[in-house]
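The structure appears right after this line, and notes come after that.
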Amino acid sequence: MKTLSAREQFEILSQGVLDLVTPDDLLAKLEKSNQSGKPLLIKYGADPSRPDIHLGHAVCFLKMRQFQDLGHEVVFVIGDFTARIGDPSGRSAVRSPLTKEEVEVNARTYKEQVDKILNPDKTRVVYNADWLEPLTLREVVRLGAQFTVAQMLERDDFQKRFAGQVPIYLHEFLYALMVAYDSVALNCDVEMGGHDQLFNFLVGRDLMRSFGQEPQVCLTMPILEGTDGQVKMSKSMDNYIGITDSPEQIFGRVMSVPDEVMGHYWTYLNLATPDEWAQLKEGIDRQALHPRSVKLDLAQRIVSWLHSAEEGKHRREEFEKVFTRKEAPSDISTRTVSLPLDLASFLVSEGLAESKSEVRRLLKQAGIRLDEQPLPYSEHPTLEQFRDGAVLRVGKKKFLRLRIA
RNA sequence: GGCGAGGUACCCAAGCGGCCAAAGGGGUCUGACUGUAGAUCAGCUGGUGUAAUGCCUUCGGGGGUUCGAAUCCCUCCCUCGCCA
């Protein structure tokens, strides 16, 4: 595999990248690696407090996979030290510290998910507590002396919070230093992540230099918007598509992505080259292609990738059946009930509604249907009689088949 | 340490003794229209339900005043700013 020249590798690796600091450094490192036969070390910092990996992360992982396919090695740095301190990095909510056990469980989950995309043989997992824990205060202070407060405040997130009078804790500055020190401890060649991590990466670059190491190349990938098309994909915004989500979920979520950002899903996730996407886009623009069908293709591709081609095909058929032709899905779970049925309690216990009040609300708005007939509102909704095997539908997406005991 | 401004529901934010389960945005959810998208329009958005100006939980925590407190008082905790 590793027959490509440094220049050829560079061409592949620099594709789709958002920041590359600096291209020359990367090329030089690739050349050196080619000569010595020693693979480059690609660092990726993983946050063990959030073990759910979604398509936003996948953008980076796909790039890392390319590195691996060219013979290089990926190191996952599990930020267990950081997680056990509790890191508010960015988000307004200060995260609560995790126990050692929680970190371990999360790290394992993390690895399992990552293996869906990366080559497990070329993926190493390390824990940053291994080198951060033994640091003495003296050493920490010396790290701090490498940077000024003004430098730290350069970070966009800090700036915003400072201006918005939102607290910034002192240890958040240390957090950037710790991430940087990880690079020193590993003496890595490349650090990868989302664009929002660029600041931390650059700190790492500086710090490595002051430790007399060859500074790392900082490589960031564009940030994939969440399914709302507004802000970056993240669990906390609930706009994410998890790579271990069910095929049905993935398909539905992809379809809910606004057209405007669909191109990012195609290109960032390597499902189409920029040229290929431009063609699709052009087809949509002159109405030769329906945007819905392009999105259906996208959803099918993503499900096929994360699950299987059969699943992708099946999900597409199901989707068209349920939402285009308004039929019930073929695989609805079935409940056997006895009459008369107290609808409110039933829906709550089945998890189809949050509370009985919500059931009443839904009824008032004609949001609950039995065999596609909206059920009328009543204070105590009760089903006296219905067809055996009737389909109960709550809102758009929740279905349940009812059998009479 | 001193002075000042704040802490309200999922988020932002009004309220400053009863008409407050708490205005207004945003978001979620439902319906219409659609391409399960977006935009638009309409509605809903604490729980319970003997259906009601009911009961329970909710305006940072605790205590108090009052027939009655998100609103007044005391105390504690937290955040922001200025000065040191």
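Atom set for the values below is all heavy atoms of this structure, side chains included, hydrogens, waters and symmetry mates excluded. Chain identifiers are assigned alphabetically (A, B, ...) following the order of the sequence lines, protein sequences preceding nucleic acid strands; residue numbering begins at 1 within each chain. Keep in mind it's a predicted model, so treat the numbers as computed, not measured.
With rounding to the nearest 0.5 angstrom, the CD atom of A:Q279 is 10.0 Å from the CG atom of A:L289.
Of the P atoms belonging to B:G25 and B:U75, the separation is 39 Å, rounded to the nearest Å. B:G31 and B:G81: their C1' atoms are spaced 48 Å apart (whole Å). Atom C1' of B:C12 sits at a distance of 15 Å from the matching atom of B:C59, rounded to the whole Å. The C1' atoms of B:U28 and B:G46 are separated by 14 Å, rounded to the nearest whole Å. B:U71 and B:C16 are spaced 12 Å apart, taking the P atom of each and rounding to whole Å. Nucleotides B:C55 and B:G4 place their C1' atoms 43 Å apart, quoted to the nearest Å. Between the C1' atoms of B:U58 and B:A22, the separation comes to 10 Å (whole Å). Nucleotides B:C56 and B:C74 are separated by 28 Å at their C1' atoms, to the nearest Å.
At a cut-off of 3.5 Å, with distance as the only test, no side-chain donor of A:R205 or A:Q216 sits close to an acceptor on the other residue. With no hydrogens or angles considered, a side-chain donor-acceptor pair links A:S5 and A:E8 at under 3.5 Å. In this structure, a donor-acceptor pair under 3.5 Å is present between the side chains of A:D342 and A:S345.
Here B:U45 sits opposite B:G27 as a Watson-Crick or G-U wobble pair (both hydrogen-bonding atom distances under 3.5 Å). In a base pair of the Watson-Crick type (N1 to N3 plus N6-O4 or O6-N4) or a G-U wobble (N1-O2 and O6-N3), with each distance short of 3.5 Å, B:A5 is matched with B:U79. For B:G68, there is no paired nucleotide, since no Watson-Crick or G-U wobble pair has both relevant distances below 3.5 Å. Base-pair partner of B:A37: not found among the strands shown (Watson-Crick or G-U wobble, both distances under 3.5 Å).
Distance A:I284 CD1 to B:G38 C1': 13 Å, rounded to the nearest Å. Separating the NZ atom of A:K364 from the C1' atom of B:U45 is a distance of 12 Å, rounded to the nearest angstrom. In this structure, A:H380 atom NE2 and B:G49 atom C1' are separated by 6 Å, rounded to whole Å. Here B:C56 presents its C1' atom at 15 Å from NZ of A:K356, a figure rounded to the nearest Å. We find that CD of A:E354 is positioned 16 Å from C1' of B:U48, with the value rounded to whole Å.
Taking the six-membered ring for Trp and thresholds of 30 and 60 degrees, A:F61 and A:Y44 have ring planes more than 60 degrees apart, a perpendicular arrangement.
Heavy-atom distances to RNA chain B give each of A:T227 and A:S355 a nearest nucleotide, and the one nearer the 5′ end belongs to A:T227.
Ionic pairing of A:K43 and A:E191 is present here: one or more N-O contacts between side-chain nitrogen and carboxylate oxygen are shorter than 4.0 angstrom.
Between A:F158 and A:F173, the ring centre distance stays below 6.0 Å.
Here the side chain of A:N200 pairs no donor or acceptor atom with the backbone of A:V179 at under 3.5 angstrom. Listed for the A:E311 side chain is no donor-acceptor partner under 3.5 Å among the backbone atoms of A:V303. Between the A:T220 side chain and the A:D19 main chain, a donor and an acceptor come within less than 3.5 Å of each other.
For A:K321, the NZ atom counts as densely surrounded, since its 6.0 Å shell holds more than 12 non-hydrogen atoms of other residues, nucleotides or ligands. Surrounding CZ of A:R387 are more than 12 heavy atoms belonging to other residues, nucleotides or ligands, all under 6.0 Å away.
Because its NZ or CZ atom is not both nearer than 6.0 Å to the ring centre of A:F323 and within 45° of the ring axis, A:R292 does not count as a cation-pi partner of that residue.
Residues from residues 288-313 of chain A placing a heavy atom under 4.0 Å of any atom in RNA chain B, listed by number, are A:H290, A:P291, A:R292, A:K295. Residues from residues 242-261 of chain A placing a heavy atom under 4.0 Å of any atom in RNA chain B, listed by number, are A:G252, A:M255, A:S256, A:V257, A:P258, A:D259.
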Heavy-atom protein contacts under 4.0 Å, nucleotides 24-32 of chain B, coded B base, S sugar-phosphate only, - none: ------BS-
